[in-house]
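What follows is a set of notes on a single structure, which appears directly below.
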Amino acid sequence: MGANNSYYITTPIYYVNDKPHIGHAYTTLACDVMARFKRLDGYDVHFLTGTDEHGQKVEKAAAAKGINPQKFTDDVSQNFRDLADKMGLSHDDFIRTTENRHKKSVQALWQRLLDAGDIYLGSYAGWYAIRDEAFYAESELTKNSDGKFIAPSGAETEWVEEESYFFKLSAWGDKLLKFYDDNPDFIMPKTRRNEVISFVKGGLRDLSISRTTFNWGVDVPNDEKHIMYVWLDALTNYLTAVGFPNENSDLYKKFWPADLHMVGKDIIRFHGVYWPAFLLAANLPTPKRVFAHGWWTNEGQKISKSLGNVIDPLELIHTYGLDQTRYFLLREVPFGKDGDFSRKAMAQRMNSELANDFGNLCQRSLSMVFKNCDEKIPTPAAFNDDDNKLLNDCQQLLPILRGHLDVQAFHKGLESIWKVIGAANRYVDAQAPWGLKKTNPERMTTVLYVLSDIIRQLAILTQPFMPISCGKILDQLEISADDRDFKNLSNSITSGISLTKPQGVFPRFIEDNQE
RNA sequence: CGCGGGAUGGAGCAGCCAGGUAGCUCGUCAGGCUCAUAACCUGAAGGUCGUUAGUUCAAAUCUAACUCCCGCAACCA
């Protein structure tokens, strides 16, 4: 079992043949925020992302380029590493399914399933579309002018008959239903859980887990005709990354079972059904949660390659800034639901919530400190009720945030922080420190001290969401790197520290005429 | 009758489970302040809570029917 203060979180592995898009960025970003939050909260975190590099599509794409598949995947998996870098992601490991450690791991899991009697050799036949890597029912197909059967996606299909190994998924339905029952939070949000349960109740078919028609995959142990197919290979990466099959490795003992698999809603079934079935069959501990988030639309329109409205996360970062993009994606939509990206909404949140609310709170407060307190954090007199009320609101924030992030309610977490930001802005107006300068300088000093400390706390708490900008605020307050985690929240800021001249951290967004 | 979610002021949402003055954010309008990134604060206007019927002293909240939208329906971010 994973240790109490450990936290293992994963993104799906991304299929290298895709171009990184907002869906990938979104999933990984959510994990990054969770990982950063847990680290600041004192957990030992293992944050995994990576790429899925096998399959017929990759084999064909490589052949089309005249290079071997390994070289091809080396190149394209770099796209995902680049995205991770540009998004400032804090992953601890980047796994590739073509690595040796992974091949060993999947083969070991295969062997366990075989030994347990859950894998058998059979065969199947059906209409297969290479482009989609999918089988279709005859009823779904249409005939084109050449007499070929066309899938709903438009891809040509061919009749395929093939020997294949199967996983006895059909035997696991009742056990899975009991598992969901015993672990009500295993699949979140609830609507996805209901979907999965109703799917399982509908009866499960055995799952084809090998192929003989192409070679780019992990070899099936003791049967060189076969390679493993998709989900057994892909899902097992979560085990590989913590040292499986070595169950005595430090990583494994510390981090398995995983605390959270973050996925898009499109792959909830594989994570919610196949994965626990594999693990139960192999007699391995099951992960604690699979969270399926929603999809984005672009200006109200469904995103699709054919419409050409795919959102490039790098373009967003370039236009709006990294932290701003991170903030928007996690604040705009209740996490778990579908959401819409629009330039108007983006600019709106940037200006209103980042520049006006948070940015301006920092700027107006720290400017007054800098000008009126000898460029130092002032020494306060006794706090009055107003001061204590605000400080107390801020102290309440960490437990509130924990509650929200433990159920991946990022939007609520941010909302609760922004409530305190609002309270702080009202406090500034009510106390009007600029007026106290002549009438009661000691009181002014106290108010500015309170504000400095509030800003320190707010910046510390907001770091998981916007690490760079919060880092800048903490730099301005001369908070050392060691003093930026959550256990420092209850220590007050030290009087007498010299400040650097405050500079705006969240610029307003001015819409270009173009775009 | 396949399963599930949703319809609340201009926009996006909360409230519904445990019925009893309809709340939040943005936008709009008016005022205040002047420390600050034309930022901040206060107030106002604006909704017969998808339709119809029912239960009840009382329904956005419960029941029934209906309309519309959206997910899922086997191997696809």
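What you see below is based on every heavy atom in this structure, not just the backbone, and it leaves out hydrogens, waters and symmetry mates. Below, chain A is the first sequence line, B the second, and so on; all start at residue 1.
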Closest approach to the side chain of [X], judged atom by atom: which nucleotide of [options] is it?
X: Ile267(A); options: rC72(B), rC40(B), rA77(B); value: rA77(B)
X: Lys265(A); options: rG71(B), rA36(B), rC26(B); value: rG71(B)
X: Arg364(A); options: rC35(B), rA39(B), rU37(B); value: rC35(B)
X: Ser198(A); options: rC35(B), rC76(B), rC3(B); value: rC3(B)
X: His24(A); options: rA77(B), rG71(B), rC35(B); value: rA77(B)
X: Trp434(A); options: rA74(B), rA77(B), rC33(B); value: rC33(B)
X: Ser367(A); options: rA77(B), rC40(B), rC35(B); value: rC35(B)

Could you tell me how far [M] sits from [N] if I compare only their [atom1] atoms? Round to whole Å.
N: rC68(B); M: rG10(B); atom1: P; answer: 23 Å
N: rU55(B); M: rA60(B); atom1: P; answer: 16 Å
N: rG47(B); M: rG23(B); atom1: P; answer: 13 Å
N: rC35(B); M: rA39(B); atom1: C1'; answer: 11 Å
N: rC3(B); M: rA44(B); atom1: P; answer: 48 Å
N: rC57(B); M: rC13(B); atom1: C1'; answer: 33 Å
N: rC72(B); M: rC62(B); atom1: C1'; answer: 28 Å
N: rU52(B); M: rC75(B); atom1: C1'; answer: 44 Å

Calculate the interatomic distance between [X] atom [atom1] and [N] atom [atom2]; express it in whole Å.
X: Glu353(A); N: rC24(B); atom1: CD; atom2: C1'; value: 12 Å
X: Arg426(A); N: rG32(B); atom1: CZ; atom2: P; value: 21 Å
X: Lys501(A); N: rC35(B); atom1: NZ; atom2: P; value: 15 Å
X: Lys437(A); N: rC35(B); atom1: NZ; atom2: P; value: 9 Å
X: Asp340(A); N: rC26(B); atom1: CG; atom2: C1'; value: 15 Å
X: Leu451(A); N: rC40(B); atom1: CG; atom2: P; value: 16 Å
X: Gln476(A); N: rU37(B); atom1: CD; atom2: C1'; value: 13 Å
X: Leu235(A); N: rC75(B); atom1: CG; atom2: P; value: 16 Å

With a 4.0 Å cutoff (strictly under), does any side-chain N or O of [X] reach OP1 or OP2 of [N]?
X: Arg269(A); N: rA73(B); answer: yes
X: Arg508(A); N: rA39(B); answer: yes
X: Asn356(A); N: rC40(B); answer: yes
X: Lys201(A); N: rG2(B); answer: no

Salt-bridge criterion met for [X] and [Y] (N-O under 4.0 Å):
X: Asp338(A); Y: Lys265(A); result: yes
X: Asp357(A); Y: Arg349(A); result: no
X: Asp385(A); Y: Lys389(A); result: no

Polar contact flag, side-chain donor to acceptor under 3.5 angstrom, [X]-[Y]:
X: Asn183(A); Y: Arg289(A); result: no
X: His293(A); Y: Gln408(A); result: no
X: Thr28(A); Y: Thr49(A); result: no

Describe the nucleic acid contact of [X] in one word from base, sugar-phosphate, nothing, applying a heavy-atom distance below 4.0 Å.
X: Gly203(A); value: base
X: Val505(A); value: base
X: Arg192(A); value: sugar-phosphate
X: Arg205(A); value: base
X: Asp357(A); value: sugar-phosphate
X: Tyr14(A); value: nothing
X: Phe506(A); value: base
X: Gln348(A); value: sugar-phosphate

Criterion side-chain contact (heavy atoms from CB on, under 4.5 Å) against Phe167(A), the qualifying member of Leu113(A), Asp206(A), Leu232(A) |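 Exactly one pass, corresponding to Leu113(A).
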
Sort out for me which residue in Val428(A), Leu436(A), Asn440(A) forms a side-chain contact (heavy atoms from CB on, under 4.5 Å) with Val447(A).
->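 In the set Val428(A), Leu436(A), Asn440(A), the residue that makes a side-chain contact (heavy atoms from CB on, under 4.5 Å) with Val447(A) is Leu436(A).
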
Give the stems involving RNA chain B, where a stem is 3 or more consecutive Watson-Crick or G-U wobble pairs (i with j, i+1 with j-1, and so on) under 3.5 Å.
->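 In RNA chain B, stems of three or more pairs: B:2-7 with B:67-72, B:10-13 with B:23-26, B:28-32 with B:40-44, B:50-54 with B:62-66.
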
Begin with the C-alpha distance, continue with both residues' side-chain angles, and end with the deciding distance and a verdict on ring pair (Phe, Tyr, Trp, His ring centres under 6.0 Å) for Trp231(A) and Phe278(A).
-> CA-CA 10 Å; Trp231(A) 286 106; Phe278(A) 292 154; 9.4 Å; no

Gly359(A) or Leu204(A): which one's nearest nucleotide on RNA chain B is closer to the 5' end?
->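 Nearest nucleotide further toward 5': that of Gly359(A).
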
Earlier contact from the 5' end, RNA chain B, for Tyr274(A) and Ala355(A) |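 The 5'-side residue here is Ala355(A).
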
Ignoring hydrogens and geometry, is there a side-chain-to-backbone donor-acceptor pair from Tyr238(A) to Ile9(A) under 3.5 Å?
->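 The answer is no, because no donor-acceptor pair under 3.5 Å joins these two groups.
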
Between the main-chain N or O of Glu53(A) and the side-chain N or O of Thr97(A), is there a donor-acceptor pair closer than 3.5 Å?
->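 Side chain of Thr97(A) to backbone of Glu53(A): a pair is present.
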
Rounded distance [0.5 Å steps], OG in Ser342(A) versus CD in Gln348(A) |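 These two atoms lie 9.5 Å from each other.
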
Under the 3.5 Å rule, do the base of rA39(B) and the side chain of Asn360(A) count as making a donor-acceptor pair?
->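 No, the side chain and the base share no sub-3.5 Å donor-acceptor pair.
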
Trp295(A) aromatic ring stacked with six-membered ring of rA77(B), 5.5 Å and 30° |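 Base of rA77(B): stacked against Trp295(A).
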
Under 4.0 Å protein heavy-atom contact, by nucleotide of nucleotides 7-17 of chain B - B base, S sugar-phosphate only | -------S---

Check step by step if side chain to side chain contact (heavy atoms under 4.5 Å, CB included) holds for Glu195(A) and Ile187(A).
-> CA-CA 10 Å; Glu195(A) 277 176 23; Ile187(A) 297 169; over 6 Å; no

